[in-house]
Amino acid sequence: MKKIGVALSGGFLRGIAHAGFLKGLEQKGISPAVISGASAGAIVGALYAHGFSPEKIGQIARELNWKKLATPSFKGGLFKLTKLKTKLEEFIGDVDIKDLKIPFALTVVELKTLKTKFVTEGKASDWIVASCSIPPLFAPWKIDGNYYIDGGIRNSMPAEFPKAAGCDIVIGSSVHFVDTRYDPESLTDVALRVGMAQCIENETYRAPFCDIVVNHYLPGSPFDFNNVENFFKTGYENGIKVAEEVKKWL
């Protein structure tokens with residue numbers, strides 16, 4: 001049986017599409033043997049690797065809001081993800097990444113050196129939060145005396161890990177796409193497009209590590225929890241389609 005790996009991109013709330021995507025793969029009998037992720041993909045990937053079903057991950061997302069995840073900071077970022085860490089610990093406790101049920105890795109960027117770090121061990125809740133901490137929105141996260149920021153800044157779809165882990169088929173799941181509709185006078189729209197350009201650029205360097213790259217088209221604000229259901233549904237539909245393609249190779 002061929003070994004399948006999945007790399008999940010960052011993307012704020014759009015990242016919940018990864019949970020739907022995993023559900024679609026599962027429904028067609030495709031079970032990833034290795035998972036990697038950045039930012040939102042790190043959250044979904046770690047929860048899945050710990051043993052949560054895609055549907056449960058979707059349920060968790062539907063019950064959240066920004067007040068349950070972030071607190072005002074104004075030190076290194078507008079908000080700090082302290083509440084996200086607390087919420088993660090409710091679900092996965094103090095589990096070490098190396099002890100997850102499925103081999104898993106996430107990416108962060110060390111703020112001092114600006115180098116990408118692949119994390120395969122250490123307290124999962126801390127490293128997941130670090131992988132989601134994108135300034136200036138979220139403050140850097142401190143671990144063992146060092147500060148880390150969102151891994152998606154330099155590696156938003158870390159497909160190198162499942163490839164290096166010996167996967168025969170690597171699937172990249174990305175929620176980054178170019179939408180020509182935007183308001184050039186909107187600070188939010190312009191900031192999102194700058195971040196989107198950065199992620200799309202660094203994901204092009206990971207495409208060669210993938211046998212399939214899925215670009216989920218997810219219109220709607222990535223900050224609005226009212227869009228979570230549609231994001232999940234789109235991911236699920238794409239998961240079904242990709243699973244049929246993958247099964248031809250098995």
Decide yes or no on side chain to side chain donor-acceptor pair (under 3.5 Å) for Glu26 and Tyr48, but give the supporting numbers first. CA-CA 12 Å; Glu26 273 193 358; Tyr48 186 80; 2.7 Å; yes
Taking Ser133's backbone N and O only, do any of them form a donor-acceptor pair with Asp150's side chain (distance below 3.5 Å, no angle check)? no
State the CE-CZ distance between Met196 and Phe177, to the nearest 0.5 angstrom. 5.5 Å
Can you tell me if CZ on Phe91 sees more than 12 non-hydrogen neighbours from other groups inside 6.0 Å? yes
Of the non-hydrogen atoms in Pro222 and Gly11, which two are nearest, and what is the gap between them? CB-O, 4.1 Å
Test salt bridge (Lys or Arg N to Asp or Glu O under 4.0 Å) applied to Lys123 and Asp94, step by step: CA-CA 6 Å; Lys123 189 174 179 180; Asp94 292 331; 3.3 Å; yes
Start with the C-alpha distance between Val213 and Cys210, add both sets of side-chain angles, then the distance that settles side-chain contact (heavy atoms from CB on, under 4.5 Å), and finish with yes or no. CA-CA 6 Å; Val213 177; Cys210 300; 3.7 Å; yes
Do Asn215 side-chain atoms and Ser174 backbone N/O form a donor-acceptor pair below 3.5 Å? no
So Leu137 and Phe223, do their side chains get closer than 4.5 Å, heavy atoms only? yes
For Leu111 and Pro140, the nearest pair of non-hydrogen atoms, with its separation, is CD2-CG, 3.7 Å
Any chain of hydrophobic side-chain contacts (each under 4.5 Å) joining Leu192 to Val228? yes
For the residue pair Ser36 and Pro158, what are the closest heavy atoms and their distance? OG-O, 2.7 Å
Does the gap between the ring centers of Phe21 and His216 come in under 6.0 Å? yes
Does Ser131 reach the main-chain N or O of Trp127 with its side chain, forming a donor-acceptor pair under 3.5 Å? no
Is Arg154 close enough and on-axis enough to Tyr205, meaning under 6.0 Å and within 45°, for cation-pi? no
Are any non-hydrogen side-chain atoms of Val108 and Ile149 less than 4.5 angstrom apart? no
Considering only heavy atoms from C-beta outward, does the side chain of Phe161 approach that of Phe118 to under 4.5 Å? yes
Short side-chain to backbone donor-acceptor contact, Asn202 and Gln198, under 3.5 Å: yes
Could you check whether any side-chain heavy atom of Leu88 comes within less than 4.5 Å of a side-chain heavy atom of Lys85, counting everything from C-beta outward? no
Does the Asp189 side chain pair with the main chain of Asp183, one donor and one acceptor, at a distance under 3.5 Å? yes
I'd like to check Ile128 versus Ile97 (side-chain heavy atoms, cut-off strictly below 4.5 Å). Are they in contact? no
If you apply the rule salt bridge (Lys or Arg N to Asp or Glu O under 4.0 Å), what do you find for Glu244 with Lys248, and how did you get there? CA-CA 7 Å; Glu244 292 295 346; Lys248 297 175 183 178; over 6 Å; no
Is the backbone of Phe104 close enough, under 3.5 Å, to the side chain of Lys98 for a donor and an acceptor to pair up by distance? no
Would a single hydrophobic cluster contain both Val194 and Ile153, if residues Ile, Leu, Val, Met, Phe, Trp and Tyr are joined by side-chain heavy-atom contacts under 4.5 Å? no
Please report the C-alpha distance between Glu89 and Val95 in whole Å, then the side-chain angles of each, then the deciding distance to 0.1 Å, and finally whether the side-chain contact (heavy atoms from CB on, under 4.5 Å) criterion is met. CA-CA 9 Å; Glu89 289 177 338; Val95 67; over 6 Å; no
With a 4.5 Å cut-off on side-chain heavy atoms, are Ile200 and Val178 touching? yes
Are Asn146 and Lys112 packed together at the side-chain level, in the sense that at least one heavy-atom pair is separated by less than 4.5 angstrom? no
Would you confirm whether Ser73, through its side chain, and Lys80, through its main-chain N or O, come within 3.5 Å as a donor-acceptor pair? no
Indicate yes or no: does Glu90 engage Lys87 in a salt bridge with an N to O separation below 4.0 Å. yes
Arg193 charged N/C atom sitting above Tyr182 aromatic ring, 6.0 Å / 45°: yes
Separation of Lys233 NZ from Tyr236 OH (nearest 0.5 Å): 10.5 Å
Has the side chain of Arg14 got a donor or acceptor atom that lies under 3.5 Å from a matching backbone atom of Gly220? yes
Might you point out which heavy atoms bring Ala19 and Pro54 nearest each other, and give the distance in Å? O-CB, 3.1 Å
Are Val129 and Leu47 linked, directly or through intermediate hydrophobic residues, by side-chain heavy-atom contacts shorter than 4.5 Å (ILVMFWY only)? yes
Starting at CG of Leu25, measure out to NZ of Lys247 and round the result to the nearest 0.5 Å. 11.0 Å
Between Leu250 and Ile169, does a side-chain contact (heavy atoms from CB on, under 4.5 Å) hold up when you go through it step by step? CA-CA 9 Å; Leu250 300 180; Ile169 300 172; 3.9 Å; yes
Strictly by modelled atom types, are Asn226 and Asp224 linked by a side-chain donor-acceptor pair under 3.5 Å? yes
Using the side-chain contact (heavy atoms from CB on, under 4.5 Å) rule, take Asn227 and Leu13 through it: C-alpha gap first, then chi angles, then the decisive distance, then the call. CA-CA 8 Å; Asn227 293 325; Leu13 295 179; over 6 Å; no
Checking Thr107 against Asn155: is there a side-chain donor and acceptor pair closer than 3.5 Å? no
Please tell me if the side chains of Leu81 and Cys132 come closer than 4.5 Å, counting only heavy atoms from C-beta onward. yes
Under the 3.5 angstrom rule, does the side chain of Lys83 hit a backbone N or O of Lys67 as a donor-acceptor pair? yes
What are the two closest non-hydrogen atoms of His18 and Ser9, and how far apart are they? NE2-O, 2.8 Å
Calculate, to the nearest 0.5 Å, the distance between atoms CG and CD1 belonging to Asp99 and Ile92 respectively. 11.5 Å
Let me confirm one number: the NZ-CD1 distance from Lys23 to Ile57, rounded to the nearest 0.5 Å. 12.0 Å
How far apart are the closest heavy atoms of Ala105 and Thr120, and which atoms are they? CB-CG2, 3.7 Å
Carefully, step by step, assess Glu203 and Arg206 under the rule salt bridge (Lys or Arg N to Asp or Glu O under 4.0 Å). CA-CA 5 Å; Glu203 284 179 14; Arg206 275 79 209 181; over 6 Å; no
Distance check, rounded to the nearest 0.5 Å: Ser53 atom OG versus Leu22 atom CG? 10.5 Å
Would a hydrophobic clustering, with Ile, Leu, Val, Met, Phe, Trp and Tyr connected at side-chain separations under 4.5 Å, put Val242 with Met157? no
Common cluster, Phe225/Phe232, ILVMFWY with side-chain heavy-atom separation under 4.5 Å: yes
Quick check against the 3.5 Å criterion: does Thr234 have a side-chain atom that pairs as donor or acceptor with the backbone of Phe231? no
Report the relative orientation of the aromatic rings in Phe12 and Phe138; use parallel for angles under 30°, tilted for 30 to 60°, perpendicular for over 60°. tilted
If you take the centroid of each ring, where Trp contributes its six-membered ring, are Phe79 and Trp66 closer together than 6.0 Å? no
